[in-house]
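Scroll down for the structure; my scribbles are underneath it.
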Amino acid sequence: MPRERPERSPHKRRSFLPVLVGVVLTVLSAVGTSPVWAQESSEPTPAPSEDHDSPTVQATQVPLTLADRFAGTSILVEHAFTFLHHLNLSPQYTRSLDRIVKFSPSFRATRSLTLDVDLAIARALTVTDTTYPMEILLGDIGAGASLTLPVPKPLATGLAVSTGLSVEGPTSKASQAESLILALTPWFEFGVTAPLLDGLTLAYRLSPTPRFQRYTTSQLLVPRPCSPAVGCTLGATTNTGQRNTALQLGNEISLALALAKERLGISGSFALTHGFLHPKSPSDRWEESTLTVPGNGGGSPVTLSTEFIFDISYQLHPGLGLSVGLWTLGGMTPDGSWYNPVANRWSQIYIDVTFSPVAMVEAEVQRARRSRVANKRVEEQAPQEASGSPSL
């Protein structure tokens, strides 16, 4: 994806929404299942059971329909705009506008297990010096599984625990440049919901990501300018490559508030990622000093990056969501200082539209079915009312 990022930041934005998506991000993605108010009409009410009278237990006994299994499938269209006027990757040193389309097929194998795949296609609508004009770029293809874990019955209404595994393949130019073979991300998440409005949820996610590469350093197609801030001569270029990240350790905390019958959501999240680089190794071609960044204390084997998201989403329809938010990537600068984690030169305002085709069709089918039932009742009651009316 053509989003600008600090040079030393190894962190990549999730599918999120996510990851966003079921996203209305990310946020609708991860953010792709329909809210409770949209699901109620598509799931039949189970019969009461003497042995299993809990509503939660009853719901798990209702078989999933084909529409239920694919309801989380979504298509996300995002436009992201850098709003801070500062020296960025544009030759004119101005703001940039990106368009991202993300395809996220999803399959709900059981009520606890969900399988998904996602692939994003991006295009910079403004000229930058990192792509060809209006070039279409692929993101990394991802596949994953998420499992909702059982919790003790007294905590079932306030505690949610889940785990999963995602796999990332090198279909993007950035991953191919670092010779990525595969990235694995096992994750664990738990959330606590308080009964404020339609629910105030505080969640934490831990996600270690080992990244397997063919080489310990990345390779650029062309030499890039070398900044005087790190001890290079003005105008000089370098193509020695940065050390790849062997392991990422992600910590994310988020707070989300649901209201208006869960149609409206307000959320914020902050992620801190430690990136552990490959160790430096001897080279017959390059001297040891070329792999050292003087402006950063000789080069650190650990990098830190941050990601901040503030999002407001609204579910216009069970199959259509809208999200507006602020996304900022931060962390350590090349000279060893820190970017502002909330707003800096990389900050983007985004507008997301998430279309869930299966959920939309299912909602319309249910609406038409309820309409037919209502019309039939009216037709049946009309003769009875006519026959029971007194004659004049």
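No hydrogens, no waters, no symmetry mates; every other heavy atom, side chains included, goes into these values. For the single chain, residues carry numbers from 1 onward in sequence order. Computed from a predicted model, the values in this text were never measured in an experiment.
Take Thr185 and apply the side-chain hydrogen bond (donor to acceptor under 3.5 Å, both in side chains) test, not counting sequence neighbours, and it matches Thr209. Applying the side-chain hydrogen bond (donor to acceptor under 3.5 Å, both in side chains) test to Thr201 and every residue at least two apart in sequence or in another chain returns Thr193. Residues that satisfy the side-chain contact (heavy atoms from CB on, under 4.5 Å) test with Leu125, not counting sequence neighbours, are His79, Leu97, Arg99, Arg123, Met134. The ring pair (Phe, Tyr, Trp, His ring centres under 6.0 Å) check on Phe310 picks up nothing, with sequence neighbours excluded. With sequence neighbours excluded, no residue forms a ring pair (Phe, Tyr, Trp, His ring centres under 6.0 Å) with Phe103. Partners of Asn340 under the side-chain hydrogen bond (donor to acceptor under 3.5 Å, both in side chains) rule, at least two apart in sequence or in another chain, do not exist in this structure. With sequence neighbours excluded, the residues that form a side-chain contact (heavy atoms from CB on, under 4.5 Å) with Leu196 are Leu200, Leu257. With sequence neighbours left out, Pro186 forms a side-chain contact (heavy atoms from CB on, under 4.5 Å) with Leu165, Pro208. Looking at residues two or more places apart in sequence or on another chain, you find a side-chain contact (heavy atoms from CB on, under 4.5 Å) between Leu247 and Pro210, Phe276. Scored by the salt bridge (Lys or Arg N to Asp or Glu O under 4.0 Å) test, Arg369 finds no partners at all (sequence neighbours excluded).
Panel note: side chain Gln315, backbone His317; a donor-acceptor pair is recorded below 3.5 Å.
The six-membered or imidazole ring of Phe70 lies near that of Phe107, with a centre-to-centre distance under 6.0 Å.
In this structure the side chain of Trp327 reaches within 4.5 angstrom of the side chain of Glu307, judged on heavy atoms. The shortest side-chain heavy-atom distance between Ile75 and Val101 falls under the 4.5 Å cut-off.
Salt bridge annotation for Glu135-Lys173: present, with a cationic side-chain nitrogen under 4.0 angstrom from a carboxylate oxygen.
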Under 3.5 Å, side-chain donor or acceptor atoms of residues 372-379 against the rest of the protein: list the pairs with distances, not counting sequence neighbours.
unit_1	atom_1	unit_2	atom_2	d
Asn375	ND2	Ser371	O	3.2

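Every pair passing salt bridge (charged side-chain N to carboxylate O under 4.0 Å, His left out) that includes a residue from residues 186-198 is listed here, sequence neighbours excluded: Glu189-Arg205.
How far CG of Asp352 is from OG of Ser323: 5.0 Å, rounded to the nearest 0.5 Å.
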